[in-house]
Amino acid sequence: ETPFPDRIRYWLTGSNWIDVSGETGSWLPSVIRALERLGVTGATTRGGAESVAAERGGRVSAVGPAEIRYAKSGDVNIAYQVLGAGADDLLAFSSGTLPIDSMDDEPSLVRFHHRLASFSRLIRFDLRGVGMSDPVAASSPPTLEQWAHDAVAVMDAAHSERAAVFAPRDTALHAILLATTFPDRVSALVLVNGTARFARAEDYPFGIPQRLIDDFLEVHAEPDAVERGLDFLAMEAPSVADDRAFRAWWNRAGNRGASP
């Protein structure tokens with residue numbers, strides 16, 4: 001019942017979709033191939049799972065954290081970072097509630113983002129309501145339109161006229177709206193495991209069954225969620241579900257990203 005296929009799709013001018021095969025655990029080479037096909041060049045891949053596992057065992061980051069800066073989106077402060085100094089700008093959305101100030105604590109993300117930053121100027125940011133960006137009221141959650149405008153505000157603050165946009169999973173919808181609303185600001189769109197919707201429906205059999213969504217909303221934030229049979233990490237990233245160091249980072253980053 002996994003709703004997210006382990007595929008990477010990217011978008012070329014003229015709504016031309018091309019699939020690039022790739023395991024979820026090897027996003028880096030697939031994303032780089034996509035970016036190279038889109039004209040963002042200069043990338044090669046190095047290292048592998050063994051070196052990442054060794055780094056994770058010592059909880060060592062390859063590069064120190066980038067400076068946290070803030071963009072103004074209306075009355076809301078949006079936290080962002082800039083890594084690298086390549087000729088092409090790459091705006092990276094962060095999936096779920098993973099905050100940018102936790103990314104450099106996980107070696108696989110350090111490797112991923114700093115390889116991207118080796119051939120681009122990588123701009124990553126916290127959505128409003130997440131991490132170091134301003135919080136939002138539970139009674140008034142952000143809209144897709146607000147998140148798209150937040151991305152533009154970050155680009156403006158970072159002096160980015162036009163950027164390729166990278167968006168994993170749930171943020172694929174934000175990125176698509178950004179590209180269609182501000183086409184002159186988006187040079188390319190790379191979507192990883194994006195979906196048209198989350199819930200399963202008669203005309204959308206690929207979605208998550210409603211019972212799983214209900215269970216998740218009821219149990220996921222409880223301290224005994226795993227004991228009650230809802231191990232979100234095992235669902236999302238089974239290859240690291242038994243990695244105690246990764247699980248500790250996952251829980252810590254999620255708690256820092258947003259409250260239940």
Side-chain ([X]) to main-chain ([Y]) donor-acceptor, under 3.5 angstrom:
{"X": "Thr171", "Y": "Ala167", "value": "no"}
{"X": "Asp126", "Y": "Ile100", "value": "yes"}
{"X": "Arg121", "Y": "Ala158", "value": "yes"}
{"X": "Thr180", "Y": "Leu177", "value": "yes"}
{"X": "Gln146", "Y": "Thr143", "value": "yes"}

If I compare all heavy atoms of Asp134 with all of Asp75, which pair ends up nearest, and what's the gap? OD2-O, 4.0 Å
What pair of heavy atoms forms the shortest contact from His174 to Trp147, and how long is it? NE2-CE3, 3.2 Å
Between Phe125 and Tyr70, does the ring centroid distance fall short of 6.0 Å? no
Inter-residue atom distance [X].[atom1] - [Y].[atom2], 0.5 Å rounding:
{"X": "Met103", "Y": "Arg124", "atom1": "CE", "atom2": "CZ", "result": "5.5 Å"}
{"X": "Ser102", "Y": "Arg252", "atom1": "OG", "atom2": "CZ", "result": "7.0 Å"}
{"X": "Ile176", "Y": "Thr181", "atom1": "CD1", "atom2": "OG1", "result": "11.0 Å"}
{"X": "His113", "Y": "Ser120", "atom1": "NE2", "atom2": "OG", "result": "10.0 Å"}

Residues two or more places apart in sequence or in another chain: which of them pass side-chain hydrogen bond (donor to acceptor under 3.5 Å, both in side chains) with Gln210? Asp214
Using the side chain to side chain donor-acceptor pair (under 3.5 Å) rule, take Asp89 and Ser160 through it: C-alpha gap first, then chi angles, then the decisive distance, then the call. CA-CA 7 Å; Asp89 287 349; Ser160 175; 2.7 Å; yes
Are any of the side-chain nitrogens in Asp150 or Lys72 under 4.0 Å away from the carboxylate oxygens of its partner? no
Decide, yes or no, whether a salt bridge links Asp231 with Arg247 under the criterion of side-chain N to carboxylate O below 4.0 Å. yes
With distance as the sole criterion, is a donor-acceptor pair present between the side chains of Asp170 and Ser95 under 3.5 Å? yes
I'd like to know if Val130 and Val136 are part of one continuous hydrophobic network [Ile/Leu/Val/Met/Phe/Trp/Tyr, side-chain heavy atoms within less than 4.5 Å]. no
For a side-chain contact (heavy atoms from CB on, under 4.5 Å) check, start with the C-alpha distance between Asn251 and Arg256, then their side-chain angles and the critical distance, and finish with the verdict. CA-CA 9 Å; Asn251 291 335; Arg256 292 170 68 180; over 6 Å; no
